[in-house]
Amino acid sequence: MILSEKNMGISASPTLAIDAKYKAMLAEGIDVVGFGTGEPDFDTPNNIKKAAIEAIEKGYTKYTPASGILALKKAVCEKFKRENGLDYGPSQIVISNGAKHSLVNTFDAILNPGDEVIIPAPYWVSYPEMVKLADGVPVEVQATEEDGFKVTVAQLKSVLSDRTKAIVINSPSNPTGMIYSAKELMEIADFAVENDLFVVSDEIYEHLIYSEGEGHVSIASFGEEIKKRTIVINGVSKSYAMTGWRIGYAAATPEIANVMSNIQSHAASNPSSISQYAAIEALEGPQDSVEQMRLAFKERREYMVNRINSIEGVSCLMPDGAFYVMMNISALKGKTIQGKVINSSDDFCDILLEKALIALVPGSGFGADDFVRWSYAASMEKIRSGLDRLEKFLAK
Ligand code: PMP
Ligand code: GLU
C-alpha cells in the first residue's frame with residue numbers, strides 16, 4: 001500500500017529521538033549523560049501541582065471547550081497585558097497541547113499549498129516540518145555565528161517572493177540562545193507590514209534571559225498593524241518546568257484564532273482539563289520559582305560556555321537566553337577521531353555517544369551542520385561530568 005507521500009517525507013524530531021536513545025541506554029544500565037532534549041530538570045512547582053490535584057478532586061475531569069476554558073484564556077490575556085503590554089480578549093486566545101501544537105495549528109490556519117515561510121537558521125528542528133505538514137514551503141535564511149546568529153532585514157528581503165506568506169521569529173532562540181533587540185524586531189516588523197506578511201513569533205523562552213538590557217520584547221507590541229498580522233506563541237513548558245503537562249497557547253486576531261480553534265476541535269478537542277487548571281495557577285500564582293530557575297540556568301550557562309571555550313577544537317558564543325549552547329565543531333570536520341572521519345555534526349554526535357557516552361543534538365537538524373547543541377537545563381553535576389568527558393575525549 002502507498003502511504004501519504006507528503007507525510008512520508010516528514011522526519012522524526014531529532015531532539016525527541018536523541019532523548020529516547022539516551023533514555024534507552026540509561027535503562028540498559030549504560031552510564032550515559034544526556035543533553036539532548038531541552039527540558040528543565042526542575043520539578044514543577046508545588047503550588048501548580050496542588051492546583052492540578054484540586055482540579056481532579058473537584059471533578060474538573062471532563063471535556064472543556066476545544067480552545068480552552070475561559071478562566072485560563074483570561075489568565076493568558078492578563079499575562080499578555082502585564083508582561084508584554086499586549087491587549088487581547090479571550091476570543092483571541094487558543095489553548096493547545098503544548099506550544100508545539102499551537103504552532104501546528106498556526107501554520108494550518110494561515111498557509112495555502114505552496115505558500116512560503118521564511119525561517120531563520122539555525123532554527124528549532126520542528127518549524128520546517130510543521131510548515132511542510134501544512135503544505136507550505138520552508139525557506140531558510142542562514143544567520144552566521146559572526147552575526148550573533150541573527151538575520152538582517154536585507155537577508156529577509158533577499159528571499160522574498162510573491163509566494164512569501166510568513167516569517168518565523170523565535171527570540172530568545174532555540175538552539176542559539178540569541179535575542180533580537182527591540183530595534184531589530186522593529187525593523188523586521190516594518191518589513192512584515194510593508195510586504196503584507198504574517199509573523200509567527202515563538203516567545204516560549206521569554207522568561208529565560210540572562211543578559212542585562214531591555215529584556216524580552218514581543219514583536220506584536222509595536223502597534224496595531226504588526227499586532228494583527230502576528231501570531232504570538234507561548235506556553236508553560238519551559239518557564240514553569242511543565243513540559244509533560246502539555247499546555248501552550250497562541251494569541252492572534254479573532255479570525256485566525258477561530259480557524260485554529262476549529263482545526264483543533266477536530267484534531268484533538270481540548271488540551272487536558274487538569275493541566276489547564278494547573279496552567280492558571282502557573283500564570284496567576286507566585287512567580288518566584290521562575291526567577292530561581294532562571295538564576296540556576298544562568299550559573300550553568302556561564303560554567304558551560306567557559307569550559308567549552310577552554311577545550312581545544314571547539315568553541316561557542318555566550319547565549320543571551322533560553323537554555324542551549326551551540327558548540328562550533330568546524331575545526332574538527334575532516335579530522336579522524338578514534339578511527340572515524342568527522343564529516344558532519346551527525347558523525348560527531350554518533351561517535352561522542354558511542355565512545356564518550358555524551359548525548360548531544362547534531363546541528364544538522366537545526367540547519368547548522370558546523371555545530372552541535374548542548375542543553376544546560378541539566379544539573380551542574382551532569383554538566384560537569386559531560387564536559388569532563390568531552391575534554392578527555394578530544395584530548396585523545
Ligand atoms: N518552541 C520552541 C522554540 C521550543 O524549543 C519548544 C520546545 N519543545 C516548543 C516551541 C514547544 O514546547 P511545548 O510543546 O513543550 O510547549
Ligand atoms: N524544544 C525542546 C528541544 O528542542 C524539546 C524537544 C522538542 O520538543 O523538540 O529539545
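When a ligand or atom number is given, it counts from 1 through the structure's own listing order.
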statement: A student checking ligand 1 against N174 at a 4.0 Å heavy-atom cut-off should list atoms 3 (C), 4 (C), 5 (O)

- line: Per-atom filter on ligand 1: closer than 4.0 angstrom to a heavy atom of S237 are 13 (P), 15 (O), 16 (O)

K100 near ligand 2 by a heavy-atom separation under 4.0 Å: yes

field: F371-F149 aromatic ring centre distance below 6.0 Å
entry: yes

- prompt: Between F297 and F42, does the ring centroid distance fall short of 6.0 Å?
  reply: yes

message: So does G136 get a backbone contact from the side chain of E116, meaning a donor-acceptor N/O pair under 3.5 Å?
response: no

task: For R294 and I209, indicate whether the former's side chain and the latter's backbone hold a donor-acceptor pair under 3.5 Å.
output: yes

- prompt: Does any N or O atom in G38 lie less than 3.5 angstrom from one in ligand 2, N or O only?
  reply: yes

- prompt: Has ligand 2 got any nitrogen or oxygen that is less than 3.5 angstrom from a nitrogen or oxygen of S126?
  reply: no

Sub-4.0 Å heavy-atom approach of [X] to ligand 1:
X: K238; value: yes
X: Y127; value: yes
X: H101; value: no
X: N170; value: yes

Answer side chain, backbone, both or neither: which part of [X] comes under 4.0 Å from ligand 2, heavy atoms only.
X: T37; value: both
X: V361; value: neither
X: D19; value: neither
X: Y324; value: side chain

OH-NZ distance between Y127 and K132, expressed to the nearest 0.5 angstrom: 16.0 Å

query: Any Lys/Arg nitrogen of R307 or D388 sitting under 4.0 Å from an Asp/Glu carboxylate oxygen of the other?
result: yes

- prompt: Should the pair R229-D196 be classified as a salt bridge under the 4.0 Å nitrogen-to-oxygen rule?
  reply: yes

message: Heavy atoms only: which of T243, T15, N174 lies closest to atom 7 (C) of ligand 2?
response: T15

Sole candidate of E184, E187, E145 that passes salt bridge (charged side-chain N to carboxylate O under 4.0 Å, His left out) when paired with K150: E184

query: Do you know which two heavy atoms are closest between S272 and N97, and how far apart they sit?
result: N-OD1, 4.1 Å

